[in-house]
Amino acid sequence: MGISYFKKINKYFNPLLNPKSLRMLFLGFSAGLPILLIFSTLSVWLAKAGVNRATITLFSWVGFAYSFKFIWTPVVDNINLPLLDKLGHRKSWLLLSQLMIISSLIFISFTDPKNSLIYTAIGAVLIAFSSATQDIVIDAFRIESASKDLQGALSSMYLTGYRIAMIVAGAGSLWIASYLGTEIYDQKVWRTVYQIMAFLMFIGVITILYSPEPKIKRNIENKNSQKIKFFIAFLLAICGFILCYIYFKDLFNGKDPFTNFLNELIKIIICLSVFSFIIFLLIKIKFVNKNSASNAYAKPVLDFLKRYGSKATVILLLIGLYRISDVVLGVMANVFYIEKGFSVAEIATYSKFFGTIATVIGGIIGGLAAVHLGIMRSLFIGALISSLSNLLFAWLANIAADIRILAFVITADNIASGFAGATFIVYLSALTSVKFTATQYALFSSVMLFLPKLIAGYAGNFVNLFGYQTFFIFTTIIGVPVLFLIMWINKIVNINKN
């Protein structure tokens, strides 16, 4: 009986000990370290510097770098890097993105949001862009490194490393800041914090230097002239996007969150249209080879549409809404804790340390559930518990500050979030074709973040108008349609056959 039981346990956990899974643990750490430094930790820094609530939540829009990473994914997917190409295509781009993150963290460490908020914003954008680029390559690296039956284990270990990094970047950074002194604002405290985090990014650098390149054939442009022209076309299109965003005026007047949201949505759609028009124009005048542009942008999308047909729209709708409850609530969490009266040290301990451990546990359970219960069933459970857990914050908002209740709420919410996150990564991986790994996965993760990040930017204004309790109830309600989408998709789509 004992030997049989041990064999069953070993069968469940053996995939997690695979060298490919262990490698993803360290790459997950490299991916998870920057993200809190431009969201959660940065929000505490901004709050301590005296930046107002509405402006702090607008900083969540630097996350659009993750939403729009599909725009430059074809560059990452189709162009070899000079000098670094001997490392391999994926490895060279990973190393470049990691060095960019390190440089950006050092840059932001010298800024002071109290006196020059614009430079802090620039630093946050640079970190987000570099981190999003790293995510593009790591996602492709993970999917190309193993077969589908091992993706659940790789996803779990990736998320475990990711969450460990979040403990370091979340709890660790705030502990350091608290130790150095946060009662009286001092820019040097945050400079030290961000420079320590930059040093820890070398864990990812070392990992990728000792990792093998995935053995997957890709359609890489071989002509140097075409590589240069393709890259110039991408830069011109990006410049058009940025200029359009800066100079396009709002269509509707009003200061309420809904009007602001509508103006921003229209602006982004028009900017994406400008980006597409520039690429189209450069193809028409034959500056860019039509086949190169088709391989980069059209074929990955057409491949997905061909495999799923009319069902593709509802799948994209699920992707775009699945994490909406978590993301919208998340941008207000630290500001809420501070305004509720909890100290930086308490936030570090209960939210960023124990909370992240709870997320790791939830992620491991979610990854194993996806393997043993099935992806769609696990998706439904994840969506249900992550949405319902937001009601605990509504309860916390309506009672006196109590550290024990805070610990309970954070633990429950993070286990739910970790479970949902792990199962969702497995789902996205199953949807992705190995022919267009990086581009398709980047498109999926971009769709996943776009609408939640857009709404999250107005979270501060929403709280100003309606209060925290109503806000947290709202984040629960917007997660309900996801449950019906999952049930619908489960009936009409079999991802294993596509």
Side-chain angles (χ1 to χ4, degrees), residues 32 35-36 39-40 43-44 156 159-160 162-167 169-171 174 321-343 345-370 373 377-425 452 456 459 463 467-480 482-483 486:
I35 193 163
L36 278 191
F39 294 121
S40 182
S43 68
V44 175
S156 289
L159 276 177
T160 300
Y162 196 96
R163 300 306 182 184
I164 291 172
M166 292 181 77
I167 292 176
L174 294 182
L321 294 177
Y322 189 78
R323 299 309 305 273
I324 193 167
S325 292
D326 286 342
V327 174
V328 175
L329 183 145
V331 299
M332 283 304 303
N334 277 350
V335 180
F336 169 64
Y337 300 146
I338 291 173
E339 293 184 357
K340 192 71 177 174
F342 298 107
S343 69
E346 287 173 335
I347 295 171
T349 301
Y350 293 97
S351 176
K352 307 310 171 190
F353 181 69
F354 290 114
T356 307
I357 290 176
T359 310
V360 171
I361 293 171
I364 293 173
I365 295 171
L368 293 173
L373 296 180
R377 187 180 300 175
S378 300
L379 268 184
F380 184 89
I381 295 171
L384 178 63
I385 61 178
S386 63
S387 181
L388 289 177
S389 65
N390 289 3
L391 291 175
L392 295 174
F393 284 91
W395 171 48
L396 180 60
N398 199 40
I399 62 175
D402 187 320
I403 199 67
R404 293 169 298 179
I405 295 177
L406 175 70
F408 169 73
V409 170
I410 287 173
T411 300
D413 180 66
N414 281 270
I415 288 176
S417 178
F419 186 101
T423 57
F424 196 51
I425 286 178
V463 172
Y468 276 113
Q469 188 176 33
T470 303
F471 170 73
F472 293 134
I473 293 172
F474 168 73
T475 62
T476 299
I477 293 171
I478 59 177
V480 173
V482 174
L483 301 174
I486 294 171

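We count residues from 1, following the sequence as given.
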- Message: Walk me through whether Phe354 and Asn414 qualify under side-chain contact (heavy atoms from CB on, under 4.5 Å).
- Response: CA-CA 9 Å; Phe354 290 114; Asn414 281 270; over 6 Å; no
- Task: Grab the two heavy atoms, one from Ser389 and one from Asp413, that are nearest each other, plus how far apart they are.
- Result: OG-OD1, 2.8 Å
- Message: Can you tell me how far apart CD1 (Ile403) and OG (Ser343) are? Round to the nearest 0.5 Å.
- Response: 7.0 Å
- Heavy-atom closest contact (Ala394 atom, Ile473 atom, distance): CB-CG1, 3.9 Å
- Tyr350: side chain to side chain donor-acceptor pair (under 3.5 Å) partners, not counting sequence neighbours: none
- Tightest non-hydrogen contact, residues Gly382 and Ala420, listed as O-CB, 3.6 Å
- Message: Less than 4.5 Å apart, side chain to side chain, heavy atoms only: is that true for Ser325 and Ile478?
- Response: yes
- Message: Please enumerate all residues that pass side chain to side chain donor-acceptor pair (under 3.5 Å) together with Ser387, with sequence neighbours excluded.
- Response: none
- With side chains defined as the heavy atoms from C-beta onward, is the minimum distance between Phe471 and Val328 less than 4.5 Å? yes
- Enter the distance from Phe393:CZ to Leu406:CG here, rounded to the nearest 0.5 Å. 8.0 Å
- How many angstroms lie between atom OG1 of Thr359 and atom CE of Met166, to the nearest 0.5 angstrom? 7.0 Å
- Residue pair Ile425 / Tyr162, side-chain heavy-atom distance below 4.5 Å: no
- Task: Mind telling me whether Phe424 and Tyr322 have parallel, tilted or perpendicular rings, with 30° and 60° as the class edges?
- Result: parallel
- How close do Phe342 and Asp402 get, heavy atom to heavy atom, and via which atoms? CZ-N, 3.9 Å
- NZ on Lys340 to CD1 on Ile399, rounded to 0.5 Å: 6.5 Å
- Query: Looking at side-chain heavy atoms only, is the closest gap between Ser386 and Arg323 below 4.5 Å?
  - Reply: no
- Message: Using the side chain to side chain donor-acceptor pair (under 3.5 Å) criterion, which residues pair with Asn398? Sequence neighbours excluded.
- Response: none
- Note on the structure: CG (Asp326) and CG (Asn390) are apart, to the nearest 0.5 Å, by 6.5 Å
- Query: What is the minimum heavy-atom distance between Tyr468 and Ala397, and which atoms define it?
  - Reply: CB-CB, 4.0 Å
- Which heavy atom of Ile324 sits nearest a heavy atom of Pro452, and at what distance? CA-CG, 3.9 Å
- Task: Would you give the length of the straight line joining atom CG of Leu396 to atom CZ of Phe336, rounded to the nearest 0.5 angstrom?
- Result: 4.0 Å
- Using atom types as modelled and distance alone, determine if a side-chain donor or acceptor of Thr349 lies under 3.5 Å from a backbone N or O of Glu346. no
